[in-house]
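Here the structure comes first, spelled out in structure tokens, and everything after it is commentary.
In this chain, numbering begins with 1 at the start of the sequence shown. Every number for a ligand or one of its atoms is a count from 1 in the order of the listing.
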Amino acid sequence: MSRKVIITSAITGSIYTPTMSPYLPVTGKEIAEQAIGAAEAGASIIHLHARVPETGQPSAEVEHFRGFIPEIAANSRAVLNISTGGSSLMSLEERLRPATAMAPEMCSLNMGSMNFGIFTLKRRYSNWKHEWEPQLLEATKERIFANTYADIENTICHLGHDLGAKFEFECYDLSHIETLAYFVRKGFLTGPLYVQFVLGVMGGAGATPENLMAMKSAADRLLGDQYHFSVLAAGKHQMELATMGIVLGGHVRVGLEDSLTLPSGEFAKTNAEQVAIIRNIIEALGHQVASPDDAREMLQLKGAEKVNAL
Ligand code: KMH
Ligand code: ZN
């Protein structure tokens with residue numbers, strides 16, 4: 001059956017660093033341009049992190065979000081989705097600052113504490129553009145990405161109940177779906193939920209079709225008909241597993257936050273290139289790409305006019 005498929009484009013993230021790709025957007029201008037390009041190519045949700053413009057270091061400063069939010073809001077209808085994951089090394093208090101200032105239609109919510117190992121990326125590079133890059137990667141070997149029950153509950157109450165944001169529930173493993181179901185059972189959350197199956201992050205489930213099936217089965221059992229799902233795979237399996245997500249009835253996330261390359265192995269020069277590839281696949285399978293307003297209706301979002309576009 002033909003249906004509308006939501007494409008999220010995650011523009012820059014906090015995993016990859018400037019040395020790894022010359023195309024990784026870093027400044028406010030670059031993030032805005034790539035986000036607007038991704039929206040024009042068919043992304044209805046834009047997932048956003050900020051970086052320090054001079055160094056590319058992950059940032060949770062509202063000032064840095066101000067470098068691109070107004071520009072994107074003025075030039076597209078896309079749903080702006082603000083990360084509350086920030087970087088795995090930031091405190092929760094820091095991570096919540098941008099979404100608190102903006103009261104966005106959507107924000108991410110990471111559903112469990114975990115290892116978030118990106119230290120293995122370090123081996124592949126030697127001439128670093130900035131000193132912070134190898135230091136940050138190495139630090140993920142001994143730090144925990146903390147998202148306790150209290151953290152999750154506070155975020156749901158503060159950003160969800162008080163400010164009207166809906167969540168992209170980042171689920172990296174089966175246990176995160178169990179945790180999400182707990183918050184539904186306790187009445188903190190009601191559908192439609194937007195569940196992101198995150199595959200391929202070291203510390204979470206690996207990027208395999210079997211893991212995706214297991215997550216989908218768990219979500220069907222625990223969340224019934226109260227949820228939509230989307231699939232993201234970090235690294236080279238991005239498009240394959242996103243395609244499997246479409247076939248299973250889900251939505252997709254692509255973007256340089258999750259993979260710096262195209263299926264050919266070449267660098268993606270823009271987020272829009274990845275969006276165009278997945279869009280072609282969606283349409284070749286007989287589906288349509290959801291518009292931002294389709295996404296708003298499906299996910300029951302509050303509307304762009306209720307956002308403080310900084
Ligand atoms: N970087 C992704 C693997 C967040 O921003 O809250 C997951 C993510 C987390 O997007
Ligand atoms: Zn993110």
- Would you mind listing which atoms of ligand 1 come within a distance below 4.0 Å of any non-hydrogen atom of His49? 5 (O)
- Message: With a heavy-atom distance limit of 4.0 Å, tell me whether Leu109 approaches ligand 1 through its side chain, its backbone, both, or neither.
- Response: neither
- Query: Is there side-chain contact between His287 and Glu283, with at least one heavy-atom pair below 4.5 Å?
  - Reply: no
- Looking only at protein heavy atoms, identify the closest one to atom 5 (O) of ligand 1 and say how far it is in Å. Ser83 OG, 2.7 Å
- Task: Give the residue, atom name and distance (to 0.1 Å) of the protein heavy atom nearest atom 6 (O) of ligand 1.
- Result: Ser108 OG, 2.6 Å
- Query: Just heavy atoms, cut-off under 4.0 Å: does Gln196 contact ligand 1 by side chain, backbone, both, or neither?
  - Reply: neither
- What is the nearest protein non-hydrogen atom to atom 8 (C) of ligand 1, stated with its residue, atom name and distance? Glu257 OE2, 3.4 Å
- Could you walk me through whether Ile246 and Ile278 pass the side chain to side chain contact (heavy atoms under 4.5 Å, CB included) check? CA-CA 10 Å; Ile246 301 164; Ile278 203 69; 4.1 Å; yes
- Assess Arg253 for proximity to ligand 1: is some non-hydrogen atom of it under 4.0 Å away? yes
- Would you say Arg95 contacts ligand 1, with heavy atoms under 4.0 Å as the rule? no
- Message: I need the atoms of ligand 1 closer than 4.0 Å to a non-hydrogen atom of Val201, numbered in the order shown.
- Response: 3 (C)
- Note on the structure: Which of Leu248, Thr243, Val254, Leu199 passes side chain to side chain contact (heavy atoms under 4.5 Å, CB included) with Val231? Answer is Leu199
- Item | Atom name in His49, limited to N/O/S, at shortest distance from the Zn ion (ligand 2) | NE2
- Item | Passing candidate, side chain to side chain contact (heavy atoms under 4.5 Å, CB included) with Ser259, options Thr261, Leu262, Leu256 | Thr261
- Would one find an N or O of Gly85, backbone or side chain, under 3.5 Å from an N or O of ligand 1? yes
- Query: Of all heavy-atom pairs between Leu260 and Gln274, which one has the smallest distance, and what is that distance?
  - Reply: C-NE2, 4.3 Å
- Message: Ignoring hydrogens, what is the shortest heavy-atom contact between Ala10 and Arg253? Give both atom names and the distance.
- Response: CB-NE, 3.5 Å
- Could you walk me through whether Thr270 and Gln34 pass side chain to side chain donor-acceptor pair (under 3.5 Å), step by step? CA-CA 6 Å; Thr270 61; Gln34 289 224 20; 5.3 Å; no
- Flag Glu257 as yes if one of its N/O/S atoms falls below 2.8 Å of the Zn ion (ligand 2), otherwise no. yes
- Member of Leu163, Leu48, Asn81, Ile82 meeting the side chain to side chain contact (heavy atoms under 4.5 Å, CB included) criterion with Pro104: Ile82
- Query: With respect to Ile282, which candidate in Ile7, Ile277, Ile6 satisfies the side chain to side chain contact (heavy atoms under 4.5 Å, CB included) definition?
  - Reply: Ile7
- Note on the structure: In ligand 1, the atoms that come under 4.0 Å of a heavy atom of Tyr172 are 7 (C), 8 (C), 9 (C)
